[in-house]
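Here is the structure we will look at.
Numbers restart at 1 for each chain; the letters A, B, ... are given by sequence-line order, proteins then strands. Note that the coordinates shown come from a computational prediction; the quantities given were computed from them, not determined experimentally.
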Amino acid sequence: MLAIQLLREKKDWVIARLSVKHFTQTHLIDEILQLDEQRRQWITEHDQLQNLRNTASREIGQLMKAGNHAEAAQKKQQVAEWNEKINALKNQLDEIEQKIQQLLLQLPNLPHESVPAGESAADNVIIRQGGSWPTLPENALPHWELASRYDLIHFDTGTRLTGSGFPVFKGAAARLERALIQYFLDYNTRAGYVEYLPPLLVNAQTAFGTGQLPDKEGQMYFIPEDQFYLIPTAEVPLTNIYRDSILQPEQLPIKMTAYTPCFRREAGSYGKDVRGLNRVHQFDKVEIVQLVHPDQSYQSLDEMVAHVEGLIQSLELPYRIVKLCGADMSFTSALTYDFEVYSAAQQRWLEVSSVSNFETFQTLRMKIRFRDGKQTRLVHSLNGSSLALPRILAALLENNQQADGIHLPAILHPYTGFTRIG
RNA sequence: GGAGGGAUGGCAGAGCGGUCGAAUGCGGCGGUCUUGAAAACCGUUGUCCGUCAACCGGCGGACCGGGGGUUCGAAUCCCCCUCCCUCCGCCA
């Protein structure tokens, strides 16, 4: 959510920034400002009346004590009149505040100055590319075929147990999945991230805090009886841990990591995008989150990018880092880098991580501040995958297939207990 | 799920319906003392909104789990919800 104060002070600049995200409903801003004007006027009137009432009530108390009931009754009469106005104003205020809030929620986050507008994902900027291209045997298979050849992942069984997009991992695949989680968490905690194991179900307030509600309601699984949402990413519970708090500056930066399963409805997806592990409804992911001083958040973003890059490098996968253009960025982000690994057998890039700075877009909703001298200021929140498992697993299987099986990168050997599948 | 008790400032813990944003203690911050520290003593200590000044800050309003109600006036009385504790039931 954008601060209304920003709209008041730098409206034109805000509109220019929003245009980079191809957001054109600038009339919303005018509406907001108009309503805000009205709101402040009403607040002033409301508060003045309350002031009158407070004074009169105190006087009534004195009069009663002095036994002057006649004058007290007269004042009561007067207060009753004010009360009517106060209540009317209060109702108007509640209504207008709700309206403003609702409009404010329709404004996406401002993209960072360095973000190009672009027209589509094709205009994303490739920052750098790394890792070495694998040389595959002639009859290289996509991971879903490798999965059945080596008895690793059962998509059809998952469909029978639940529905499509809920794969069952078996034997070496299950072990490899667990090994990756363990390795990723070790890698993150070694870099100073504190490990958490958060709830997988959250309430509406929590889902609102990170921006899943109201924007992406249909993306989340929902349990009506308890009004709980299944988390689409660990970002949601992790970032909300510090909701409604005022931090000491020396507590920053706060670095958190967690492994969780993630649940996404992914309505409307089809075709090769959803083949195999490319897109599933339940998957494992290790996430990193940072809450940082606003002056340092872009440094932190670079640090997180380097962190994730190091992790992918250690897995010996070919990758590239892409800076998203305005047209492809999420509603909540100010700057996002996507990490993609090349899946040789499918001959396509698969997104395995997305690292973003949200600046104050989330922390305003969550009221996460820090003490800056005499005042409080919002911290910046950032997060990234480190890493999303299914596509990493797909790339590992595909890129490392040889005639005699799948050779795992050395870094994983201590975690898996085996070096080769097949 | 059933019965009872509770929810107050960073923490602990008071609070006859009016002068309570809220006693007291601890903690924090500043100071006196000290070579330094501790102790002692003195002072200070929340958040949000509006408004004026726009450097400090002044003024007004709101906030005692959340929401409604009674009243001229509610932390204090009533109702609903949530959460916590104790007991019973169920259960990994």
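Separating the C1' atom of rU24(B) from that of rU32(B) is a span of 24 Å, rounded to the nearest Å. Nucleotides rG36(B) and rG46(B) have their C1' atoms positioned 34 Å apart, rounded to a whole Å. For rG25(B) and rG9(B), the C1' atoms lie 14 Å apart once the distance is rounded to whole Å. The gap from the P atom of rU8(B) to that of rC77(B) amounts to 15 Å, rounded to the nearest Å. Spacing between rG6(B) and rG21(B) at atom P, rounded to whole Å, works out to 25 Å. To the nearest whole angstrom, the two P atoms, one in rG28(B) and one in rG50(B), are 34 Å apart.
Closest approach of Leu311(A) and Tyr187(A) over heavy atoms only: N-OH, 3.1 Å. The minimum heavy-atom distance linking Gln282(A) with Pro261(A) is given by the pair NE2-CB, 4.4 Å.
With sequence neighbours excluded, the residues forming a side-chain contact (heavy atoms from CB on, under 4.5 Å) with Gln48(A) are Thr44(A), listed by chain and number. For the salt bridge (Lys or Arg N to Asp or Glu O under 4.0 Å) test, residues two or more places apart in sequence or in another chain that qualify with Arg377(A) are Asp295(A), Asp372(A).
The residue Ile60(A) sits close to a base: some heavy atom pair falls under 4.0 Å. Across all strands, Lys367(A) comes closer than 4.0 Å to no nucleic acid atom at all (heavy-atom distances).
Taking the 5' to 3' direction, RNA chain B first and last meets chain A under 4.0 angstrom from a heavy atom at rG18(B) to rG73(B).
When the nearest nucleotides of RNA chain B are assigned to Lys374(A) and Lys76(A) by heavy-atom distance, the more 5′-ward of the two goes with Lys374(A). Mapping Gly61(A) and Ile43(A) onto RNA chain B by nearest heavy atom places Gly61(A) closer to the 5' end of the strand.
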Could you go step by step and tell me if Arg190(A) and Asp186(A) meet the salt bridge (Lys or Arg N to Asp or Glu O under 4.0 Å) rule?
CA-CA 6 Å; Arg190(A) 222 177 296 130; Asp186(A) 283 354; 5.1 Å; no
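Taking the six-membered ring wherever Trp is involved, the centroid distance between the rings of Tyr193(A) and His307(A) falls below 6.0 Å.
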